[in-house]
Every structure is written in C-alpha cells, then in structure tokens.
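First comes the structure, then the notes that go with it.
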Amino acid sequence: MFKSKDLLGIKELTPEEIYHILDSASGFKDVLKRDIKKVPPLRGKTVVNLFFEPSTRTRISFELAAKRLSADVINFSITTSSVVKGETLKDTALTIKALGADFVVIRHSSAGVPHFLSRLLDISVINAGDGSNEHPTQALLDLFTILSYKKKIKGLVIAIIGDITHSRVARSDIYAFTKLGARVRLICPPTLLPAEVDQLGIEVFDNIEEGLKKADVVMTLRLQLERQSKGFFPSLEEYFYLYGLTAGRLRLAKDDAIVMHPGPMNRGVEIESEIADGPQSVILEQVTNGLAVRMAVLYLLAGVKK
Amino acid sequence: MSKKILDNNDINRAIRRMAHEIVEKNKGIENLCLVGIQKGGVILAKRLSSEIEAIENCVIDVGALDITFYRDDLNTKEEQPVVKKTDIPCTINNKTVVLVDDVLFTGRSIRAAMDALIDFGRPAHIQLAVLIDRGHRELPIRSDYVGKNIPTSFNDSIEVFIDEEGKKDKVVLIKGQS
Amino acid sequence: MKILIKNGRLIDPSQGIDGIGEILIEKGKIREIKLEQKSKRAEVQKGKTSELQSFRTIDASGCIVIPGLVDMHAHLREPGFEYKETIATGTKAAARGGFTTVCCMPNTNPVNDNIAVTEFIIEKAIKEGSCTVYPIGAITKSQKNEELAELEALKRTGCVAFSDDGRPVTNSLIMRRALEYSKIFDVPIISHCEDLYLSEGGVMNEGFVSTILGLRGIPKAAEEIMAARDIALCALTGGRLHIAHVSSEGSVKLIRDAKSRGINVTAETCPHYFSLTDEALISYDTNLKVNPPVRTKQDVEAVKEGLKDGAIDVIATDHAPHHIDDKVREFDSAAFGISGLETAFALGLQLVAQGAIDLKQLIMTMTITPSRIMGIPKGTLAEDADADVAIINLENSFVVDPSRFLSKGKNSPFNGWTLKGTIEKTIAMGKVYDWT
Ligand SMILES: [Zn+2]
C-alpha cells in the first residue's frame, strides 16, 4: 500500500495512500484520548529532527509524535549544528547516517532538500517543509480535520486565501484536496499567484467576496510580513482591506463552513481575531490532529520494507 | 489442501461450553468484561457475551481491542498494517478481563494484547479465551478457556469463519508446505 | 611528419566540400585536400602507395572528416578557479569533444579585463593546452558595469571579442558605449541577456514546473527584455552584437526580426537548450541548473527552428565546469552551469537525426560560422589553414559517463544518455589525439 520509504510530498501519493494514512491517524487520535498516550511500535528507533528553519510548532509536533510512539528523538537545528561552520548538507546527512538514525524529519528553506537527502540516505526521510515546495503532513492534518467535520472531501468547495506563491502549505493542500475530489479556489493578489497554477485544476479569484461564496472550508495562509518590502503589495493595511478574513466576508461562505489556518497567525493581517477564536474556527483542532497524522506517518513508514 | 474441521454445530457447542466455564470460574459475571482482539476475536467475544447473558440474565460489557501498535513484527510483515478500532466501553481498573481471540498460535498476539490492555488501566485479572488452540507457542502463555485443541504443523493455517448470528460458522485447516 | 587522412567523408562547409577524399597534413597545416573521383579511385590509391613510408596514414573509412570544432563560448576557469577547471583540463576536454578551438569567457579571478590576464591565458594555453584558445575580454572593468575595460589593449594582446558573460551589462549606456567603441576593431560584443531584477533569486525556468517544484522561476522575459534592449542599441550604434545562449522562443523571434531588418546581430544557442526541457528538473538534479534555464518544449522547438532558418547562427557549449561541492547541495545554492564540451557534437547530431537541421548545417554552426563571427582563421579545411580536424563516426553509440570526462567538471545532465556519434580522433594544429 505505502511503497516509498519516504514522505517527500503529497504530489507523489495516490488517493489510496492518502486515505491509508488518514485511517491510521484516526487510530492514533484514539490513542491520544487515553490516559496513557504512549504506544510502543517505534521502541528502539531514533528520529532525527533536522530543522534548518526555525519552526517550534512543527518540530514539537513531530517530536511529540515520535515520543508517543516510543521512539528516541534527537533535535538538530541550524543554530546548534555545525552547518553554520561550512559543513555541507551532504556532510550533515552522512553524520545522521553514521548516528544510526531510522528517520530524519527535515525542514529546509530550499525546495528539494528532502529529495536530496532521500537519495543520499536509505533511512526514511519525512519532509516537514521544504522551501515553497511542500509540507505534506500539514496537508494531511488539514484533510483529517476537514474529514472529521464534513465526513467527505469529494465535492467540497475549499477556498485558500493568501500568499500562494511562497506557500508550501498551499501547494500540498492543493494536491491533497484535488486528488480527493474537492473543488479548490485560490484567493490572492495576482502578485502572489504562482505561474500557470491553473494547470492544477483549481479556480483563481482575485476578489475575496467572489471566492468565498458558498465555500465549505475557508483557509487563510500566514502572510510573511517581509513580502511587503519585496513589493508584492503596498501595505499590510491594503492587504487586510483586500484579503483579510472578516466576519462579514465569512458570512458569504456556507453557514457551516469551517475556518482553518496553518499557524502561526498574524491576527489583524490575514484574519480577524473574532474569526480566529470564533465558533467556526477549527484551528486548535488542526494542532491536535497534526500529532495524530504525524504519528501515523512515522508508524506507516516504519513498516515499509527498506 | 484444505479441510473443514469444525462445523456450525461444533462451534455453537464449543462457545456455549466456554460461556458456562467463564461464568463458573468467575462465580458469576459481576466485575467481569470481555474484550475481543481485532479482528477474529471481536465477533467471538460478542457471541460469548450473548451466551453468558442468556445464562445469567443480565448484561455484560464487551469491548474490542486493536493490537496493531503493540505488535513486534512491524518491520518483518509483508503487508502494511491497517489500524482498526479499539473500543473499551468501561473502565477495566480492578475488573477481570477475559481476552478473547479466535486462534491461539505463537502467543505473540496475546502478549501484544496484554500490553495494549494495560495501557487502558489496571485489571485485577486477565484471562484468555480462544476458540482454537493450535499449539506452537513461542511465549509462556496458556489459555484459560479453549473451544477445541487442534494439533497442526507450523506451516499450516487455520481459518475461522464466524458471524454474529452463528448460522454459517466453520473452521478450516489449510495444509501448508513444510 | 606528414599525416594522410584517407577514406573518410570530408565535409567542409567553408569550401562547399562533401565527399570521400584525402587530406594531407604537413607541419601543422593542411597541405592538400583532395576529393576522390569515383572512376579514378584505384589510381589515386596506387599513386600514393610509393610514398606511404614517410606518412602517418589515418584510415577514416566509415567516418566523417570535418574541420575541428570551434566553441565560441566556454569557461575554462583559469586563473582563479582551478579547482573547477584549468586551461589544461578544459582544452583536453575540448579535444575529447572534437573541438580544436575554444574561446574562453573572462569571468575568471582576476577577471580578464587587462593584458596581464590575457597574456597569462594565451601563454598557458600554448604551454599546456591541447587546442587553440582565444580569450574573450571583459567589457567593463572587473565586470562591474562601471567603466569600460581597455578594449584596444585587450584586442591587441589577443582577445577576439568582449563580454561580461556570467552577468549582463545592466547599464544601458555602458552597453551603448561598448557597441560603439568596439566598432574600431570590428569585434563582437557578446551579450549575456538577463534582467537581474526579474531573475533575482530564480533558479529555473518560470512556469508550471517551477510552480509544482516550489522553486523560484526566471521568466523568459528576463532574457527577452535584454535581447530587445541590446538589439535596439545595436541598431542605434551600428556595432556588432552577438547574443549568447539563446534559450527562449521570444529571443529567437527578436533576433530573427532584427536580422530581417538588417541589424548586425548574430546569436548562439547551446545543446541543452534544444535537448532538455524544464520537466527534467522534477528530480531536483542540480546538474540541470543552468543560466539561462532550460525552458519548455515550445522554446526547444523555437530554438531548433531558429537553427534551421538561420536566426541562430552558432551552437556553442557554454561549458561551465563546476566542482562537485558546488553541485551536490541544495538546489537553491548550487552553482549554475553544465560541463558541455564532451557531449556537444553528439547532442547536435540528434538534431540531424530528428531532421531539424542537416549535417552540413550542424557542422557550419560549430565550425566556420563561429570562426567568422569571432574573426579567427579556424573552422576550415582550406589549404594552408591550421591542421584542425575532427574524425567522427556517426553510427557508433556511446553512453554518457561524466565520471570519465576529461574535464574536471562532471556536472552533466546527460549522464546515462545513449548518444550516437563518437569522436574517433581529434587533430589540433597537426597533433593527433586518438580516442579509440
Ligand atoms: Zn552567460
């Protein structure tokens, strides 16, 4: 069922593989509801968290997921590793190999680094975000969250608002949602829309009101504040005026629409606080589900014959 | 080559006898619950519970336990594990839990099941009920209640077909290459 | 010593020659070239046998015998980047690829913007080189876009063209002055067309593939804007403009249009721009990272069309060897460039096999045409010319194995490709390299 030793992206997965991960994740979600939240399948295994970009949230989620599976966890981060001293990525990879790790969870600002590692290492490589390419576990947890509220993906209208160009979350989500039959709408200024993205079978809106109409799921992306200085839009105020998710705009979506955000949020930039904390928000649920999904991924990859 | 070794009647009789033994050994069903091991043990646990309820005239808790996360063969199995539902309907603290499985073979599943169970609480006793004991234990585990002992060779396989109604039950022995 | 090459099919577009015949080489020069007349075949052979003792005879039967290839765009890296390539290894790789003449770009360290560097390159090439090297001088001092280098001194010392290749001349006024001033010497200004604002941070072609790989794209417009600017400046000044490494359909059209308007522009493309599309980058193989980037199928077709109708004059290699540490790393920080000398001709032959151009056109684009653009006496089998010859078996196949390249740069995206057309022998100034 799950053939690759690695999870590099959603691009590479079949719908069957995606559902297999999600099914396993619901088993782990049950485990997380118990008093004893730890199970033993990765006993004796070592997971290396290799983070070249600061991301406390994702790293902690992977770390906890690994520990819940009884694995040992080593955290490497750019500030503590020797990468800064001129060690190449290849050296780092070979060091990890020499340590005898079984998994490497990699976050890097450059797209394709997980693919690079996967060619260099025979252990499982899990992409925890590479440049603007993919963030597959985020898409899986988004799917899991949507499924838990909507019971299906096929036919749902899912609107993604924000900086699509630079967003690995958007890419992984687009692949995941379209593979499972959802109708994806991208809402963003044309300056933040990647080239020829329409070939992915999505709809594009530069008007948020149009794009939100009758949506089942509304997702806003984190806006990197430095995009403004690069001229993608003139000011944060103008961005919020055009693309901020407000209560008034959310009313255009279906009454039972859920609101998602991959975090961390810029309140008042891409989303109003009232919405983020409102009854339609499932943002905290996403965090819990992230843990279950990451447990499922680690667990299933451990079962792949290498 | 396969051979039907138990038919519908054999199986119904065996389940009824096991139900009586469980009630007898535990002097009633107070403080007792049945937990079937996914996947073959779950239906058997339900069948046992109906028999016990018929004998005792009151309701007994029945649960299902998935042991996938506790197996010791994650890396060695050919096919990918599929996680199934775990559903323990009551607290198991200080209870007598009867683990139920269809076939007792190496004992590794039972070892995994006990580990899994203990993560849900601290039972006073754990007992084991199996429909078929086919021998070849690899761990020091024995069953408290056995439907039928069937000597097999290691490479054989046993397939148990039972459903909730108990209409089309059978147990088949498939001879393996040695 | 005399060398007699016989039984080969001589093809020399500079003289309109194509037929079985013989070439006699003496003292590093072509002494005689003779096409065999079918009826007199036996006689010709008999007549020669008496003299055979004093000849080294090369039997080229089954092969084409053509002028040694001329690469007007290569990076030999010396001085300054000897860990990537040296003049010795780069010219050896050239000879291995059938090249006998290489023009080397000035983006060395120090930059070839002064006669000391030019002299160094020329002397080094004479001492250690396996083929002829012509340096290309920088347009601006240190390639900094601030002031013109001393073009006259560079020209006098041996530079045959000027370029800031590796970078564009961003300042339009300086580009204007370069095109004007170089008219004194009638040498081409070679333009690396790139709008640095548009290409900033880009590592591959901008398009659907860059979108799904999450890599920053370089739009075709970044190249085309500069090509359009330089064509306009060429028209304005009447200078000689040569556009390097044309990769996009838009650039091909701009050049074709400029030529039809009588503007003095020439252009080159490189094998990777007609052999690869951006879809090959799916694996994030950094050996495919090159500037300008490999584009789409549509651009590949346009480049082929340009070679066919003459919009593009030359196939150059843009040989850009790199050390493995510059390539085995993150895609974003990997170096741009392809080690191209040892695969160029075989890749060109694919165009012939596809029917995009004919063999004579291919040979022209890699021999006489670049020689004429650079104003060098190369790329011909004419009598008294330098004895630069390539003997090539068109039918033999080989598998590209960069680990066996003679270049220090093993960075080839063609690793594992099976190509037809093996270089059997290269003769550079009369010196024979036998690769069989
Ligand atoms: Zn260039």
Side-chain angles (χ1 to χ4, degrees), chain A residues 8-12 52-53 78 83 86-94 106-120 127 129-136 163-172 174-175 178 186 192-202 204 230-231, chain C residues 83 195-222 248 250 277-289 293 295-299 322-336 410-411 413 415-416:
Chain A
L8 300 179
I10 302 293
K11 264 202 291 285
E12 290 87 357
F52 290 85
E53 260 186 358
I78 181 89
V83 176
E87 185 181 82
T88 68
L89 189 57
K90 186 178 162 192
D91 297 330
T92 310
L94 296 177
I106 171 83
R107 158 72 61 100
H108 200 287
S109 59
S110 182
V113 165
H115 308 69
F116 176 84
L117 288 186
S118 113
R119 277 196 295 272
L120 230 49
N127 183 357
D130 62 327
S132 306
N133 179 39
E134 283 226 44
H135 190 357
D163 177 1
I164 311 291
T165 293
H166 301 93
S167 175
R168 51 189 167 225
V169 174
R171 280 184 184 66
S172 286
I174 290 169
Y175 304 135
T178 53
L186 304 180
L192 292 172
L193 187 71
E196 297 172 41
V197 71
D198 48 312
Q199 288 186 43
L200 289 172
I202 45 83
V204 175
K230 288 280 179 188
Chain C
Y83 65 100
D195 181 313
L196 293 178
Y197 289 107
L198 283 175
S199 67
E200 189 196 346
V203 294
M204 68 172 293
N205 180 51
E206 178 176 314
F208 180 64
V209 181
S210 69
T211 291
I212 62 168
L213 290 180
L215 291 173
R216 185 84 72 88
I218 301 174
K220 296 171 198 173
S248 90
T277 66
D278 56 359
E279 284 173 33
L281 277 89
I282 291 289
S283 60
Y284 292 99
D285 180 359
T286 55
N287 288 319
L288 288 147
K289 185 174 171 184
R295 307 283 188 185
T296 67
K297 196 161 185 319
Q298 193 176 336
D299 299 289
H322 285 292
H323 189 269
I324 187 165
D325 288 348
D326 297 329
K327 280 291 192 181
V328 180
R329 55 185 308 142
E330 305 88 311
F331 201 95
D332 281 336
S333 64
F336 288 100
K410 313 300 180 191
N411 46 306
N415 184 12

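Numbered from 1 within each chain, the chains take letters A, B, ... in sequence-line order.
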Nearest heavy-atom approach of C:Glu206 to A:Ala195 is CG-CB, 3.7 Å
Identify the heavy atoms of A:Ser109 and C:Asp332 that sit nearest to each other, and give their distance. O-OD2, 4.0 Å
Within-4.5 Å side-chain heavy-atom neighbours: C:Glu330 and A:Val113: yes
Minimal heavy-atom distance between A:Ser110 and C:Phe331, with the atoms involved, is OG-N, 4.0 Å
I need the A:His115 NE2 to C:Leu213 CG distance, nearest 0.5 Å. 8.0 Å
Under 4.5 Å from a heavy atom of chain C, the part of A:Arg168 involved: neither
If you count heavy-atom pairs under 4.5 Å between each of A:Gly9, A:Gly112, A:Ser167 and chain C, which one has the most? A:Gly112
More than 12 heavy atoms of other residues, nucleotides or ligands under 6.0 Å from CD of C:Glu279: yes or no? no
Looking at A:Leu200 and C:Ile212, what are the two nearest heavy atoms and their distance? CD2-CG2, 3.9 Å
Count the heavy atoms of every other residue, nucleotide or ligand shown that sit under 6.0 Å from CD1 of C:Ile324, and state whether that count exceeds 12. no
CG of C:Leu215 to CG of A:Asp130, rounded to nearest 0.5 Å, is 8.5 Å
What residue pairs, at least two apart or across chains, pass side-chain hydrogen bond (donor to acceptor under 3.5 Å, both in side chains) with a residue in residues 209-218 of chain C? none
Which heavy atom of C:Gly214 sits nearest to which heavy atom of A:Ala111, and what is that distance? O-CB, 3.6 Å
Which one, A:Arg119, A:Glu134, A:His166, leads in non-hydrogen pairs under 4.5 Å with chain C? A:Arg119
Using modelled atom types only, decide if a donor and an acceptor are shared between the side chain of A:Lys90 and the backbone of C:Val328 within a distance under 3.5 Å. no
